[in-house]
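Take a look at the structure set out below.
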Amino acid sequence: MATTTQVRMRGRPAHTRGPTYLSYTPDGTKLITVGSNNTTRVYKTGFDGEPTNIDDCPEQNTGVASTNDFFVIGSEDGNISKFSLETMTYEKYLTRCSLPIRDVTISPNGQWCAVSSDELVVKMIKINETGSVMSLREQPKPVKHLSFDPSGKYIALSCTDGIVYIYSLMDDAPDLVRKIDGLIRLAETEDEVSTKVVWHPDGRAFAAPTATRDIQVMSRGDWENQRSFSNGHNGDITALAWSPNGAMLVSAGKDRKVILWETKTQKIITTYDYANVMDIAWHPTKNLLSFTNTDGEVYIYNDFVPAEHANLVRLPLQPAPFIHDPLSEISANARRPMANGLKDIPDRGVRRGTPDSLDDILDSDVMGDEDDFVVDDDGAGYALGLNGNGKRPNGIDASGPISKRRAQTWEPQYHEAFQPGSTPWRGNRKYLCLNLIGFVWTVDQDTHNTVTVEFYDHEFHRDYHFTDTFLYDKACLNENGTLFSCPAHDDTPATIFYRPHETWTSRADWRTPLPKGEDVTAISLSDSFVTVTTTANYVRIYTLFGVPYRVYRQKSSPAVTCASWRDYVLTLGNGPVGADGNATLLYTIQNIKRDETCQSEDVVALPDGETLKSVFFSDNGDPCIYDSTGTLLTLLHWREPSQAVWVPLLDTKLLSRLASGRKTETYFPVAVADNKFHCIILKGGDQYPYFPRPLLSEFEFEIPLSSKSKTESDEDGMDDENEGDELKKLEGAFVLKSLLTAQQKDLIDNTRSTHSQRTDLARMELEIDKALLQMMAVECREGEERGMRALEMVSLLRDRTGRMIEAAGKVAERYDRHVLGEKIREIGEARLLGDMEED
């Protein structure tokens, strides 16, 4: 429970009355304070004597930032001055602004100094080369606060227009990547309230005070609101800072409160009573907090965190308070990550979980004894895993040094389970299902979720939503109903819930729990069955009204996902480990009602190192997959055991819309219907769709046969209608039509086909012959030397009546290809004779 500390600490008079600012050096040995007078004070940590004074500094200082070797201060006279911590003397001016400085900060690598003033432009000056200046110009009003993220790749500007401007510094020129409105309040540069963005030490999120006197956390990348620290202050917030390990947050306000919060729970640990606090700084390693006020005083508060919570200071780097932490979730379709083959290394490093966990790689507890470490003392490259030729052998990770123990420890990578058509949590919401019927999405409301089911065709069904206390995390939607599942939590087992869209009884939905200790890995819904794969490697099949129909254990494990269509169920799981260390992905297709196995533990055709993005049945009932290369594939001859083959329908990297190279986008697979690929176009590096509801796009199938570079097109000076492109299109159409015809023939041969299906097959075979005749015409136009290729196309004609061969002969005559015409007639006669012999 939060407590209010009554013991009051006396402030140290540091400067004359007025705004006072402070900064710790990164090593924590010194604390620098500046204020209204022209004296800067440097306090030595752990020393209670008088600080070192640096006189003849500018007056009316408005900010200070430091490294271990120097510090810079900004003042109302518009100057940014650099001082040496070694000599305690002034060194030089970094820059000068025509209006008062409002904030100054130094990049984490100590190379750049960012300066905001009452001017509109924010300057970034290279400290060792002051002639090198970058300007941030996109904001229309002066900037009140500046803040680098821990990596130095981004800088946040809190503008007086109430908008936060995020610039990327990864290129030579700063790039405005985001404008965040509604996070901070409007405030003038001289106001005593704070609108500063403070980055969490893990770099994945930042916090800022809001107009409602709360502190809102926002994640970087998706720019979504995460947890908030609320109901703490009754007055405007004037300062805030994360603890160095991110486990705590401290804030000060005009209500005379200094509040210490716990990051994980967003609860108040304790409250102190100090007025007019305007700047706060944590010591980098100790249980020590310093802050200044508008009376020119500095407080150096030892044991600031109460003893009963002092363990929070000693924790390693803690995660930012996400509603749903992306690092703690299983990605939708990733292989299990490895660090030199190690899967579960104990969390001992301070930087564990960050993108640059070098400390973890070098940690002695993980690496073993010092004698167990390979030392590159002669520069031969052993520590980098290089062989005698200076190359890295297969299987050696290039991310850092290796040890003998690490080289001997190896575990395979396998595909994690995922739910097709769903997205990970982003902020407090996620899509549970996206398909051509509609979509299902959920919102985390802390104590419960709210689930919404929406349909594209509102004449078909009406949208609905409900309060979800079970916390469903997977869903399937079809024309009959909606299927949900939730994970086990507390004493509640994992549960399956099915809700039909229409019923003729008072209640037709049903809910069934799984056995204790068993969780859901994936679910699918067809017109006939509900299919559930579980962590116990069971496949559980129910009828649409909840009757348990079949339970069996999947051969390939761990289970990955499933899909279904009518009576057919496709399940995927991890199989044997290949030479690259990745588990082979295996699939099985069964007809549940007839109890027949169409394909048993066959291999999913994935390139080395690639992953599966989605799996589903087309509207015609053919299995399809979409992989991480951006390729859509379908399964041909899948009803015949051991005859199935994965055939590409579309390679999205070869789409004409991407040919110029100026457009970068990816695609989220939704469905295959009407012989088209239905997807959501993702831009800006997004991997998953987000809200508001994205539009669906569709692409025609295009078998990847060849591609023509833009350079080639420019050189030959012809448009897309030249003969070479025409022939390529015809060849693509021929292969595609042959594939679709084969699928249609499989359907007719293995089902009770209808008259319309048989008529469609005859029409499709006729279309193949038409494509061959068109290809032959192009070959004839090219000249007599292409006659053999043209004749080969004639031999591929499917028509047995002779009409198509007769048409091929007429094409040859039209282009005066007499020898070709003779050869065509010979083929016609031979085929007629063969048919007579068969009869």
Side-chain angles (χ1 to χ4, degrees), residues 420-421 433-439 454-461 476-480 524-527 563-566 568 570 613-627 630-639 646-652 654-657 665-682 689 693-705 729-730 732-751 753-768 770-771:
C433 177
L434 282 161
N435 60 28
L436 295 183
I437 303 296
F439 52 100
E454 296 191 29
F455 299 90
Y456 291 114
D457 187 355
H458 288 123
E459 293 183 359
F460 180 64
H461 291 301
C476 295
L477 177 67
N478 68 7
E479 295 177 350
N480 298 317
S524 67
L525 177 65
S526 73
D527 296 339
S564 56
W565 180 76
R566 296 185 181 173
Y568 293 96
L570 183 153
K613 290 289 186 181
S614 191
V615 57
F616 44 83
F617 281 86
S618 70
D619 60 340
N620 293 325
D622 292 304
C624 297
I625 60 172
Y626 186 80
D627 64 25
T631 304
L632 173 72
L633 301 100
T634 189
L635 193 59
L636 188 61
H637 305 316
W638 59 272
R639 293 179 180 86
W646 291 101
V647 181
L649 288 172
L650 177 67
D651 186 343
T652 57
L654 302 179
L655 289 173
S656 58
R657 58 190 285 123
E665 60 188 28
T666 55
Y667 309 93
F668 181 82
V670 173
V672 166
D674 300 324
N675 290 333
K676 294 178 182 178
F677 175 50
H678 298 261
C679 62
I680 295 169
I681 299 175
L682 304 175
R693 176 172 61 84
L695 297 176
L696 293 180
S697 300
E698 58 185 42
F699 295 105
E700 299 283 350
F701 294 156
E702 188 175 346
I703 304 291
L705 298 178
K729 289 180 180 179
L730 291 172
F734 167 68
V735 177
L736 176 59
K737 289 176 180 178
S738 299
L739 168 62
L740 298 179
T741 301
Q743 287 184 326
Q744 184 74 3
K745 189 173 186 303
D746 285 347
L747 177 66
I748 291 173
D749 291 345
N750 293 276
T751 62
S753 59
T754 63
H755 175 71
S756 62
Q757 289 174 333
R758 293 190 293 272
T759 302
D760 287 342
L761 177 61
R763 177 187 54 78
M764 295 169 75
E765 290 182 334
L766 182 61
E767 291 295 324
I768 293 175
K770 287 182 179 179

Taking ring pair (Phe, Tyr, Trp, His ring centres under 6.0 Å) as the test, write out the residues that go with His461, two or more places apart.
Phe455, His501
Non-hydrogen atoms of Ser614 and Pro420 that approach each other most closely:
OG-CB, 3.8 Å
Glu702 atom CD: more than 12 heavy-atom contacts under 6.0 Å
no
Closer than 3.5 angstrom, by distance alone: can the side chain of Ser753 be matched with the main-chain N or O of Arg758 as a donor-acceptor pair?
no
Test side chain to side chain contact (heavy atoms under 4.5 Å, CB included) on Leu655 and Glu665; report intermediate values, then the result.
CA-CA 11 Å; Leu655 289 173; Glu665 60 188 28; 5.6 Å; no
Identify, with sequence neighbours excluded, every residue that meets salt bridge (charged side-chain N to carboxylate O under 4.0 Å, His left out) alongside Lys737.
Glu767
Hits for side chain to side chain donor-acceptor pair (under 3.5 Å) against Ser756, two or more places apart or cross-chain, chain-then-number order -> Thr754
Aromatic centroids of Phe699 and Tyr667 separated by under 6.0 Å:
yes
Do Phe617 and Pro623 have side chains that approach each other closer than 4.5 Å (heavy atoms only, starting at C-beta)?
yes
Give, for atom CZ of Phe616 and atom CD1 of Ile625, the distance between the pair rounded to the nearest 0.5 Å.
9.5 Å
Residues in side chain to side chain contact (heavy atoms under 4.5 Å, CB included) contact with Ser564, at least two apart in sequence or another chain
Ser524, Ser526, Thr531, Val569
Do the side chains of Arg693 and Tyr456 get nearer than 4.5 Å, heavy atoms only?
yes
Between Arg763 and Thr759, is there a side-chain heavy-atom distance shorter than 4.5 Å?
no
So with a 6.0 Å cut-off around NE2 of His755, is the heavy-atom count from everything else above 12?
no
As an exercise, state the distance from OH of Tyr626 to CG of Leu649, rounded to the nearest 0.5 Å.
12.5 Å
How far apart are the C-alpha atoms of Lys729 and Leu705, what are their side-chain angles, what is the distance that settles it, and do they pass the side chain to side chain contact (heavy atoms under 4.5 Å, CB included) test?
CA-CA 10 Å; Lys729 289 180 180 179; Leu705 298 178; over 6 Å; no
Could you tell me if the side chain of Leu434 sits less than 4.5 Å from the side chain of Pro689, heavy atoms only?
yes
Name all residues meeting the salt bridge (charged side-chain N to carboxylate O under 4.0 Å, His left out) criterion together with Glu698; count only those two or more places apart in sequence or in a different chain, and write none if there are none.
Lys676
Which heavy atom of Pro704 sits nearest a heavy atom of Asp651, and at what distance?
CB-CB, 4.0 Å
Gap separating the CG atom of Asp619 from the SG atom of Cys624, nearest 0.5 angstrom
9.0 Å
Measuring only between side-chain heavy atoms, which start at C-beta, is Asn620 closer than 4.5 Å to Leu747?
no
Verify side chain to side chain contact (heavy atoms under 4.5 Å, CB included) between Ile680 and Leu696, making sure each step is shown before the conclusion.
CA-CA 5 Å; Ile680 295 169; Leu696 293 180; 3.6 Å; yes
Hey, what do you get for CD1 (Ile703) to CG (Leu654), rounding to the nearest 0.5 Å?
11.5 Å
Which of Leu761, Asp746, Leu736 passes side-chain contact (heavy atoms from CB on, under 4.5 Å) with Thr741? Answer is Leu761
How long is the straight-line distance from OG of Ser738 back to NZ of Lys745, given to the nearest 0.5 Å?
13.5 Å
His637 NE2 to Asn750 CG distance, which is reported to the nearest 0.5 Å
11.0 Å
Sub-4.5 Å side-chain heavy-atom contact between Val670 and Leu436
yes
Hey, mind stepping through Leu477 and Phe439 against side chain to side chain contact (heavy atoms under 4.5 Å, CB included) and telling me if it holds?
CA-CA 7 Å; Leu477 177 67; Phe439 52 100; 5.9 Å; no
Please enumerate all residues that pass salt bridge (charged side-chain N to carboxylate O under 4.0 Å, His left out) together with Asp674, with sequence neighbours excluded.
none
